[in-house]
Engineer: 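This structure is in structure tokens; I'll ask about it shortly.
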Amino acid sequence: MTSPGSESPDTSNADIRPTSNFLRDRMAEDVRTRKYGDAHVQTRFPPEPNGYLHIGHAKAIFLDFGLADEFGGKTNLRFDDTNPEKEEQEYVDSIQKDVRWLGYEWERLCYASDYFGQLYEWALQLIRTGKAYVDDLSADEIRQYRGSLTEPGKESPHRSRSVEENVNLFQRMKAGEFPDGSRVLRAKIDMASPNLNMRDPVMYRILHATHHRTGDEWCIYPMYDYAHGQSDSIERVTHSMCTLEFTDHQPLYRWYIEQLGIFPSQQIEFDRLNLTYTLLSKRKLLQLVQEGRVNGWDDPRMPTISGIRRRGFTPEAIRAFSASIGVTRTNGTTDIELLEHFQRDDLNRRARRAMAVLRPLKLIIDNYPEGQVEHFEVVNNPEDPAAGTRQVPFSREIYIEQDDFREVPPPKYFRLSPGKEVRLRAAYFVTAQSVVKDAAGNVVEVHCTYDPATRGGDSPDGRKVKSTIHWVSATHALSAEVRLYEKLFATANPGDAPEGGSFLDNLNPNSLEVLASAKLEPSLASARVEDRYQFERVGYFCLDPDSSETRRIFNRTLPLKDSWAKIEKKTGA
RNA sequence: UGGGCGAUCGUCUAAUGGUAGGACAGUGCCCUUUGGAGGCACUUGUCUAGGUUCGAAUCCUAGUCGCCCAGCCA
């Protein structure tokens, strides 16, 4: 017998290399042509600490860390913390925890805010070479001057200030002499460019805000475009992967690096992950948390890493999924069932089995001796003999699943019904004899007889039963709360708001069902948080961190595939 | 209506001028001490129209459709 709750060793990760993709091809080519000379491949994962990581980030992490590793390179974790108004230490901490949980360790922990000094010096350099200027236009005016998609912009009246005046003004911006929004530093590029990003983009804005790391040291903060490429360059990033919506920013990314004459990091874009029935927008996820639509960032229904971790998903499955979806430049939506498939596949191989009855129905074995207890040896994981066996107590009164008994069985229903014989998993064959009903006519108790010759679940005469059901001995049963999760959203594309509504209207009202009185086999007493189990015939479950000595709570990660449910649905049984 | 990016089974993805393949989903059968898992089989695809070529998903031309961009967000 192995120790309770321990999972079988991970065997799922050996073959997660996808066949081919353009990112790998690109890196291989750069290595082959020695594009960066003797420099090793360097990547970075650059989250903004303004929310929790989600499954979409897992794909980026897999690519940033995985690809670098394939080429013997390194990966930094870099916080893109250039906007103090939205960023918090809580997010910095959760992101590190999540990256590690996914199975990755960074070479260096970096912050864009580490480079504020250097970025400031470079801004001065651009001013001195006539490539940047301080603009006094308001945000509204800047927008108006920018033109539109089809019309060129107009140059700001402040565009031709002298270098001296620009230096002076910029230094005073930094010194805190001006209020928020009164001035910005802009790059002097081309107000007529068809690429809006090149129409004199803002480099610095004035923000008298306390930064989670630099405190009140700065009151001017660099914009993403001005900070990101240079941060890459400072870290000698060779391959800076980002999502498709940044494609239009690439000319600007290169422009800054070229004007400054610094290490030529290169940006490469790939497709963001989209999943059916899932929202992967930090803004909307934050809204769900703030409005209390879910119970925090780690609510097991959330697509956040912390949410699916609590739900019982494993890093191995997430990595296998990430590998399988591939990477391209086409915008698509991956079926959530694919993620679930990889999770079931992983858990099927590794999770210990146990018997648990979610909606108990008392089954009394009339011809079984009162007071007698037997212990049956049950395999812990039929997929992994090394997982060993355990002893499960059996007695005259047991609980079975309400679903496993029908007084009038529909066609193709093979479970217990009056006069029908089934196998109690690893125990005996039993035949239902009679039922006891309450005043409302509900079956509250089923009486049956057992065949002592079928001990262990085999019939010496070779007779077959159509079905095996699970059970828990009533006197030995542990009580537990079980939380059943369904999809958080009822529609495949939750971002599509209905007419006159919002994405919140797509929320699934039945995404959480709490079962207060489930019955568990006694071995589950030793379950620890993040242990994963398959409750036989029911699904995959794990202990929720809210559990205590007196209150046991299990989360359903995923139900097992259920072919009876399909038949039932089709025949309307 | 400017610019950028893209288009292969229902979905995701391979094929890098030479047999359109895989996975998920679906369907049927087999097997089963989990109606789980597993096994077998089946169905469905190169956006359109021209062209180059012995040969085109791949190259060319023209169209069509989709996504992204007008934050002092990232």
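Just so it is clear: chains get the letters A, B, ... in the order the sequence lines come, proteins before strands, and each one is counted from 1.
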Engineer: Is Asp136(A) salt-bridged to Arg183(A), cutoff N-O under 4.0 Å?
Structural biologist: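 Arg183(A) and Asp136(A): salt-bridged.
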Engineer: Tell me which nucleotide among rC68(B), rC73(B), rG36(B) gets nearest to the side chain of Asp248(A).
Structural biologist: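 Within the option list, the nearest is rC68(B).
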Engineer: Among the candidates rA70(B), rC68(B), rA14(B), find the nucleotide nearest to the side-chain atoms of Glu245(A).
Structural biologist: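 Looking only at heavy atoms from C-beta outward on Glu245(A), the closest nucleotide is rC68(B).
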Engineer: Give none if rC59(B) has no partner; otherwise give the nucleotide forming a Watson-Crick or G-U wobble pair with it, both distances under 3.5 Å.
Structural biologist: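 The answer is rG51(B), by the H-bond criterion.
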Engineer: How close or far is atom C1' of rC72(B) from atom OH of Tyr133(A), stated in whole angstroms?
Structural biologist: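 Tyr133(A) atom OH is separated from rC72(B) atom C1' by 13 Å.
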Engineer: Of the listed nucleotides (rG71(B), rG35(B), rC73(B)), which one gets closest to any side-chain atom of Glu48(A)?
Structural biologist: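 The closest nucleotide is rC73(B).
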Engineer: With both distances under 3.5 Å as the test, what is the Watson-Crick or G-U wobble partner of rG71(B)?
Structural biologist: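 Base partner found: none.
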Engineer: Check every strand shown and say whether Val465(A) touches a base, only sugar-phosphate, or nothing at a heavy-atom separation below 4.0 Å.
Structural biologist: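 If one applies the 4.0 Å heavy-atom cut-off, Val465(A) turns out to touch nothing in the nucleic acid.
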Engineer: How should the glycosidic conformation of rG63(B) be described, syn or anti, under the criterion that syn lies within 90° of 0?
Structural biologist: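 Base orientation: anti.
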Engineer: Of Asp80(A) and Arg415(A), whose nearest nucleotide on RNA chain B comes first from the 5' end?
Structural biologist: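 Comparing both residues, the 5'-ward one is Arg415(A).
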Engineer: Which nucleotide in the list rC73(B), rU13(B), rA70(B) gets nearest to the side chain of Ser148(A)?
Structural biologist: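 From the listed options, rA70(B) comes nearest.
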Engineer: What I want to find out is whether Arg44(A) reaches Glu235(A) closely enough, with some N-O distance under 4.0 Å, to be called a salt bridge.
Structural biologist: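 Salt bridge between Arg44(A) and Glu235(A), a charged N being under 4.0 Å from a carboxylate O: no.
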Engineer: For rC12(B), give the paired nucleotide (Watson-Crick: N1-N3 plus N6-O4 or O6-N4; G-U: N1-O2 and O6-N3; both under 3.5 Å), or none.
Structural biologist: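 Paired with rC12(B), as far as the under-3.5 Å criterion goes, is rG22(B).
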Engineer: So which nucleotide from rC69(B), rG35(B), rC73(B) ends up closest to the side chain of Leu196(A)?
Structural biologist: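 When the side chain of Leu196(A) is considered, rC69(B) is the closest of rC69(B), rG35(B), rC73(B).
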Engineer: Going by purine N1 to pyrimidine N3 plus the second Watson-Crick contact, or the G-U wobble pair, all under 3.5 Å, which nucleotide sits opposite rU1(B)?
Structural biologist: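 With both distances under 3.5 Å required, rU1(B) matches none.
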Engineer: Under a 3.5 Å cut-off for both contacts, is rA37(B) paired Watson-Crick or G-U wobble with anything, and if yes, with which nucleotide?
Structural biologist: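 The answer is none; no pair meets the criterion.
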Engineer: One thing to verify: whether Glu486(A) and Arg556(A) come together as a salt bridge, which I'm taking to mean a side-chain N less than 4.0 angstrom from a carboxylate O.
Structural biologist: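 Answer for the salt bridge query: yes.
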Engineer: Starting at atom CD1 of Ile325(A), determine the distance to atom P of rA14(B), rounded to an integer number of angstrom.
Structural biologist: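 Going from CD1 in Ile325(A) over to P in rA14(B) covers 11 Å.
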Engineer: Considering only side-chain heavy atoms of Leu149(A), which listed nucleotide, rC69(B), rA74(B), rA37(B), is closest?
Structural biologist: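 Between rC69(B), rA74(B), rA37(B), the one nearest the side chain of Leu149(A) would be rC69(B).
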Engineer: Choosing from rA23(B), rC67(B), rC72(B), which nucleotide comes nearest the side chain of Ile142(A)?
Structural biologist: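 For the Ile142(A) side chain, the nearest candidate turns out to be rC72(B).
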Engineer: What nucleic acid atoms does Glu269(A) come within less than 4.0 Å of, heavy atoms only: base, sugar-phosphate, or nothing?
Structural biologist: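 Counting heavy atoms under 4.0 Å across all strands, no contact is made by Glu269(A).
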Engineer: Given that both distances must come in under 3.5 Å, which nucleotide forms a Watson-Crick or G-U wobble pair with rU32(B)?
Structural biologist: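 rU32(B) is unpaired by these criteria.
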Engineer: Starting at CG of Asp81(A) and ending at C1' of rC73(B), how long is that distance when rounded to a whole Å?
Structural biologist: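 It is 14 Å, rounded to the nearest whole Å.
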Engineer: State whether Glu374(A) and Arg455(A) are salt-bridged, where the test is any N-O pair (Lys NZ or Arg NE/NH1/NH2 against Asp/Glu carboxylate O) under 4.0 Å.
Structural biologist: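 Looking at Arg455(A) together with Glu374(A), the answer is yes, because their closest N to O distance falls below 4.0 Å.
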Engineer: Can you tell me which nucleotide in rU34(B), rA74(B), rC69(B) comes closest to the side chain of Phe246(A)?
Structural biologist: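 Output: rA74(B).
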Engineer: Examine rC73(B): is either OP1 or OP2 under 4.0 Å from a nitrogen or oxygen in the side chain of Arg205(A)? Give yes or no.
Structural biologist: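 For rC73(B), OP1/OP2 do have a side-chain N/O of Arg205(A) under 4.0 Å.
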Engineer: Separation of Asp403(A) atom CG from rG36(B) atom P, in whole Å?
Structural biologist: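 Atom-to-atom, Asp403(A) to rG36(B), this comes out as 15 Å.
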Engineer: Considering just the side-chain nitrogens and oxygens of Lys566(A), establish if one lies under 4.0 Å of OP1 or OP2 belonging to rG28(B).
Structural biologist: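 False: Lys566(A) side-chain N/O out of range (4.0 Å or more) of rG28(B) OP1/OP2.
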Engineer: Take atom CG of Asn381(A) and atom P of rG36(B), then tell me their distance rounded to the nearest Å.
Structural biologist: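 Roughly 16 Å, once rounded to whole Å.
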Engineer: Considering every strand shown, what is the Watson-Crick or G-U wobble mate of rA7(B) when both distances are under 3.5 Å?
Structural biologist: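 Answer to the pairing question: rU64(B), which forms a Watson-Crick or G-U pair with rA7(B).
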Engineer: Reading RNA chain B from 5' onward, which residue's closest nucleotide shows up sooner: Leu207(A) or Lys412(A)?
Structural biologist: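 Residue closer to the 5' terminus by nearest nucleotide: Lys412(A).
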